[in-house]
Amino acid sequence: MATQGESDPPATPSALQSTIGEAEQSEPIVGKFGIRHRPRKASGNPNELNLIGSGEIEFSSDGIRLSGRVNEFFGLGPRKDLTFQRRQVLDVLQIGKMVQFDIVTGESAVQPVQFLAKDERSAQAIAQFLPDTVTELHAQQFAQAKDFEKRLQSVGGRALVTPVLVGVNVAVFAAAALAGAGIVAPNVAVLTRLGTNYGPLTTDGQWWRLLTSTFLHFGIFHLALNMWALYVGGRLVERLYGSAAFLLLYIAAGLCGSLCSLLWNPAVNSAGASGAVFGVYGAMLAFFLRKDLLIPAVVMRPQRNSAIVFIVYNLANGLSHQGIDNAAHVGGLLGGLLLGLVLARPMSVESRLGSRSAYYTRGLLAAAAILGALAAAVSYPANGRPQEQAFRRDLLWFGDEEARAYETLKDMTAKSKQGEITQAQYAERLEREVIPQWEKMQQRISSNQLPRDSKLNPLAQAYQQYVGNRLSAYRLLDSGLRENRPEDLARGRQLIKDGDKNVAQIRELRRNN
């Protein structure tokens with residue numbers, strides 16, 4: 001785990017140029033390693049050299065050359081070589097593949113550097129080439145960081161649940177794509193049938209959607225962003241809390257996000273793991289906010305700051321872009337934060353040898369209390385205006401019925417053009433199959449009694465006009481074909497055109513509702 005020590009403020013660019021230059025290396029090379037620079041915001045990375053991507057660190061008898069690409073134009077900036085002397089390096093820290101050290105650039109100016117080696121063995125070799133000069137403060141912080149890593153190893157073990165959750169989400173996405181849900185552009189109708197959190201259906205007794213929606217995603221980019229955030233943060237949080245407690249946190253946070261979506265907007269149709277992912281980062285924040293756990297500042301500060309940056313950035317992004325369910329983000333965050341405060345334990349084997357049943361019972365009761373409070377708010381009779389919810393459910397039913405009616409018409413028209421059915425047979429199928437379908441749709445759509453002040457009234461009226469036009473049109477076509485009345489056929493075709501205008505109006509109204 002990467003940790004960050006405290007140091008004096010870095011020098012200004014002009015001060016750096018006086019001590020870290022682009023001088024040519026003329027001394028014999030005694031060591032050369034491939035490395036990878038990370039963005040400054042990643043994982044509390046203190047690197048202010050503004051390098052990114054693959055590079056090298058090269059050692060001569062007394063000098064060091066550090067190369068990389070300048071972080072400009074989306075990481076496509078020019079390559080740059082920086083050279084400095086060994087005596088300028090102090091406070092080397094190597095943990096896993098991460099190597100960190102400070103470069104003394106002036107009397108009191110220090111430049112922090114951090115990068116990743118190809119593997120842990122290469123990182124150890126790089127650390128051996130660097131001077132072992134250590135300040136008293138760094139020695140103390142290094143000891144604290146190593147102690148934390150040791151305690152984490154003793155109680156955390158490997159993160160097993162996080163990669164499984166990533167795998168399950170990817171597998172569900174693949175299965176949904178095969179079912180027609182889409183890969184880049186989502187098919188919302190298919191995803192709704194598979195289990196998105198659509199308020200009118202969820203609150204009508206399909207409560208399982210609260211959970212299934214957390215494993216469905218609106219396109220591959222939606223999936224990729226959520227899985228990246230889960231994998232980056234989830235592995236640490238799982239080790240902090242333990243695999244079983246982490247799974248409880250993840251599921252409870254996802255359910256909290258789904259319930260908050262319904263509470264904020266009962267007509268919402270949402271999906272994605274983002275509520276659960278926010279819960280993971282909320283739990284991370286809770287762990288590092290618990291002062292009684294005695295987490296050293298050298299570990300706590302970068303991890304806490306990383307969690308805060310993730311949370312603030314993504315909430316702000318949700319506020320500035322349409323189509324992002326920020327209510328799920330906030331619900332998952334608060335659920336993970338509250339449950340994390342309950343489940344956080346000191347990082348020592350002794351403190352975790354107590355009664356596991358009592359610990360997990362406490363966690364389950366806390367999760368049940370949080371979810372119960374949200375579910376009660378969502379289920380409150382006045383929430384969501386039941387008549388509006390019923391109308392939205394009818395629109396889903398209407399969409400399926402309309403599609404079947406048009407399939408029947410398509411089949412009839414194709415057979416008529418190919419001469420497989422006569423004009424009389426066409427009229428007979430209109431009367432026997434098509435008209436009853438539209439009569440059933442008209443009856444259901446007209447039966448809704450929305451409140452007078454409902455914003456859905458214009459949409460309901462547009463649907464009623466559309467269905468009425470279509471039903472009248474098919475009745476006129478039927479009579480025109482049976483009785484050979486051209487005026488009925490012309491009037492029927494005109495009503496179909498009028499219905500097409502209703503379709504455009506309905507689409508516009510649905511976008512706004």
Exercise. Residues in salt bridge (Lys or Arg N to Asp or Glu O under 4.0 Å) with R235, at least two apart?
Worked result: none

Exercise. Does the pair L338 and V342 meet the rule for a side-chain contact (heavy atoms from CB on, under 4.5 Å), with working shown?
Worked result: CA-CA 7 Å; L338 293 174; V342 172; over 6 Å; no

Exercise. What do you reckon, is CD1 of I183 surrounded by more than 12 foreign heavy atoms closer than 6.0 Å?
Worked result: no

Problem set entry | Which atom of A286 lies closest to which atom of G340, heavy atoms considered | CB-C, 3.8 Å

Exercise. Taking everything shown except Y406 itself, do over 12 heavy atoms lie less than 6.0 Å from its OH?
Worked result: yes

Problem set entry | Donor-acceptor contact present, side-chain R393 to main-chain P200, <3.5 Å | yes

Problem set entry | ring pair (Phe, Tyr, Trp, His ring centres under 6.0 Å) partners of residues 260-279, not counting sequence neighbours, each pair once | F278-F310, F278-H329

Exercise. Going by heavy atoms in the side chains, are V280 and F246 under 4.5 Å from each other?
Worked result: yes

Seminar exercise, completed: When N197, N269, T196 are each screened for side-chain hydrogen bond (donor to acceptor under 3.5 Å, both in side chains) with T202, the one that passes is N197

Exercise. Do the side chain of Q449 and the main chain of Q387 share a donor and acceptor less than 3.5 angstrom apart?
Worked result: no

Exercise. Counting distance only, does the side-chain N/O of R209 pair as donor-acceptor with the main-chain N or O of T192 below 3.5 Å?
Worked result: yes

Exercise. With no hydrogens and no angle check, do the side chains of D394 and N448 hold a donor and an acceptor under 3.5 Å apart?
Worked result: yes

Seminar exercise, completed: To the nearest 0.5 Å, atom NZ of K97 lies from atom CZ of R36 at 9.5 Å

Problem set entry | Enclosure of Y231 OH (heavy-atom neighbours >12, cutoff 6.0 Å) | no

Exercise. Which distance, rounded to the nearest 0.5 Å, do you find between the OG of S270 and the CG of L262?
Worked result: 7.0 Å

Exercise. Heavy-atom distance under 4.5 Å between the side chains of D91 and V110, does that happen here?
Worked result: no

Exercise. With a 4.5 Å heavy-atom cut-off, do F33 and V99 have their side chains touching?
Worked result: no

Exercise. Where do L450 and A460 come nearest, in terms of heavy atoms and distance?
Worked result: CD1-CB, 3.8 Å

Exercise. Can you find a heavy atom in the side chain of F115 that is under 4.5 Å from one in the side chain of L66?
Worked result: yes

For this session: Provide the closest heavy-atom pair for V172 versus F215 in the form atom of the first, atom of the second, distance.
Result: CG1-O, 3.1 Å

Exercise. Is a side-chain N or O of Q94 found less than 3.5 angstrom from the main chain of A127, in a donor-acceptor match?
Worked result: no

For this session: Check whether any side-chain N or O of Y281 sits under 3.5 Å from a backbone N or O of I311 as a donor-acceptor pair, and report yes or no.
Result: no

Exercise. Below 4.5 Å, heavy atoms only, C-beta onward: do C260 and V330 meet side chain to side chain?
Worked result: no

Exercise. Of the non-hydrogen atoms in I126 and I35, which two are nearest, and what is the gap between them?
Worked result: CD1-CG2, 4.0 Å

For this session: First locate atom CG of L337, then atom CD1 of I370, and finally report the distance between them rounded to the nearest 0.5 Å.
Result: 9.5 Å

Seminar exercise, completed: CD (Q100) and CG (L130) are apart, to the nearest 0.5 Å, by 12.0 Å

Problem set entry | Note, F173 side chain near M227 side chain (heavy atom, < 4.5 Å) | no

Exercise. Nearest 0.5 Å, what's the CG-OG1 distance between N169 and T214?
Worked result: 7.0 Å

Exercise. After noting the C-alpha distance and the side-chain angles of K440 and W397, does the key distance pass the side-chain contact (heavy atoms from CB on, under 4.5 Å) rule?
Worked result: CA-CA 11 Å; K440 183 169 62 173; W397 171 87; 4.0 Å; yes

Exercise. Distance from Y198 atom OH to Q206 atom CD, nearest 0.5 Å?
Worked result: 11.5 Å

Problem set entry | salt bridge (Lys or Arg N to Asp or Glu O under 4.0 Å) evaluation trace for R404 with E401 | CA-CA 5 Å; R404 281 193 284 270; E401 288 295 312; 2.4 Å; yes

For this session: Would you check if N226 and L230 make a side-chain contact, meaning some heavy-atom pair closer than 4.5 Å?
Result: no

Problem set entry | Short side-chain donor-acceptor distance under 3.5 Å, D325 and S261 | yes

Problem set entry | Flag, side chain of N502 to backbone of Y463, donor-acceptor distance under 3.5 Å | no

Exercise. Which atom names give the shortest non-hydrogen contact between E238 and R158, and what distance separates them?
Worked result: OE2-O, 4.2 Å

For this session: Kindly say whether R345 contributes a backbone atom to a donor-acceptor pair with the side chain of Y359 at under 3.5 angstrom?
Result: no

Exercise. Does some side-chain heavy atom of Y250 sit less than 4.5 Å from a side-chain heavy atom of V237?
Worked result: no

Exercise. What heavy-atom pair brings A267 and R392 nearest, and what distance separates the two atoms?
Worked result: CB-NE, 3.2 Å

Exercise. So, Q389 side chain and T203 main chain: donor-acceptor pair closer than 3.5 Å or not?
Worked result: no

